[in-house]
Amino acid sequence: MRTITISGNLGKDPEIRETKNGRQVANFSVAVRKNRPDENGEYGVDWFRCAVWGNRSSTVERFFRKGSHVVLSGDFEVSEYDGKTQLGINVSDFDLPDNKTDGGNSKPSGNKHGAKKPPTGGGDAIDISDDDLPF
């Protein structure tokens, strides 16, 4: 098993669907900024196609939006489609570090440990347009 944890921004709102056998899944893509600039000084992004299965997909549907910063962990997979390499994650755990509290009533983050928002100022925002999506 190959497990990975990523931190990035959603490229668009999640798509929720139900499989033939009645199982619900949330599909979305996440852009993860590369750590090092290229020869032009630009930081690129790697795109990950993500899937959250079962009841937790309802939490994704409720709180994940285009541009949301998320932290995800899960099983990593690589596939080829139309000659392009696609990176994918079957998500087993997730968190919304940007999640704000409202008068002490915090929104559920999907994190079973109830992690708090990490200190800010550690990363740059990623500007994503629909033209940037590889699919």
Next item on the list: Return the minimal non-hydrogen interatomic distance between V25 and S57, and the atom names on each side.
Entry: C-CB, 4.0 Å
Item checked: Reported CG-to-CD1 distance for the pair L87 and I4, which is rounded to 0.5 angstrom -> 7.5 Å
Note to self: The criterion is side chain to side chain donor-acceptor pair (under 3.5 Å); which residues satisfy it with S73, sequence neighbours excluded?
What the structure shows: T5
Item checked: Nearest non-hydrogen partners of S92 and R56, listed with the distance -> O-NH1, 2.6 Å
Check: F76 vs F48 aromatic rings, parallel, tilted or perpendicular, using cut-offs 30° and 60°?
Finding: tilted
Notebook entry, point to check: Any chance CG of D38 has more than 12 other-residue heavy atoms, nucleotides or ligands included, within less than 6.0 Å?
Noted result: yes
Margin query: Return the CZ to CG distance between R2 and D75, rounded to the nearest 0.5 Å.
Written below: 9.5 Å
Note to self: I'd like to check N27 versus C50 (side-chain heavy atoms, cut-off strictly below 4.5 Å). Are they in contact?
What the structure shows: no
Notebook entry, point to check: In Å, rounded to the nearest 0.5 Å, how long is the span from OG of S29 to NZ of K12?
Noted result: 6.0 Å
Check: Charged N to carboxylate O under 4.0 angstrom, K34 versus D46?
Finding: yes
Notebook entry, point to check: Would you call F64 and V70 a side-chain contact if the rule is heavy atoms closer than 4.5 Å?
Noted result: yes
Item checked: Test item: W53 and N90 side chains (from C-beta on) under 4.5 Å apart, heavy atoms -> yes
Next item on the list: Taking all heavy atoms of Q24 and all of S58, pick out the closest pair and write down the distance.
Entry: NE2-OG, 3.9 Å
Notebook entry, point to check: Is there side-chain contact between E61 and P14, with heavy atoms separated by less than 4.5 Å?
Noted result: no
Item checked: I16 with F63, same ILVMFWY side-chain cluster at under 4.5 Å -> no
Margin query: Quick check: is V71 connected to V32 through a chain of hydrophobic side chains (ILVMFWY, heavy atoms under 4.5 Å apart)?
Written below: no
Next item on the list: Please confirm whether R33 makes a cation-pi placement over Y43, using NZ or CZ under 6.0 Å from the six-membered ring centre and within 45° of the ring normal.
Entry: yes
Item checked: Contact check, side chains of Q86 and E77, non-hydrogen atoms, under 4.5 Å -> no
Checklist line | Reported CZ-to-OG distance for the pair F28 and S68, which is rounded to 0.5 angstrom | finding: 10.0 Å
Check: Within a reach of under 6.0 Å around CG of N35, are more than 12 heavy atoms found that belong to other residues, nucleotides or ligands?
Finding: no
Check: When rounded to the nearest 0.5 angstrom, what is the spacing between CG in D13 and CZ in R65?
Finding: 5.5 Å
Checklist line | Same apolar cluster (I L V M F W Y, side chains within < 4.5 Å links), F94/I6 | finding: yes
Margin query: When you compare the side chain of V78 with that of T85, does any pair of heavy atoms fall below 4.5 Å?
Written below: yes
Item checked: Minimum heavy-atom distance H69-S7, with the two atoms named -> NE2-OG, 2.7 Å
Next item on the list: Indicate, with yes or no, if I89 and L10 share a hydrophobic cluster defined by side-chain heavy-atom contacts under 4.5 Å among Ile, Leu, Val, Met, Phe, Trp and Tyr.
Entry: yes
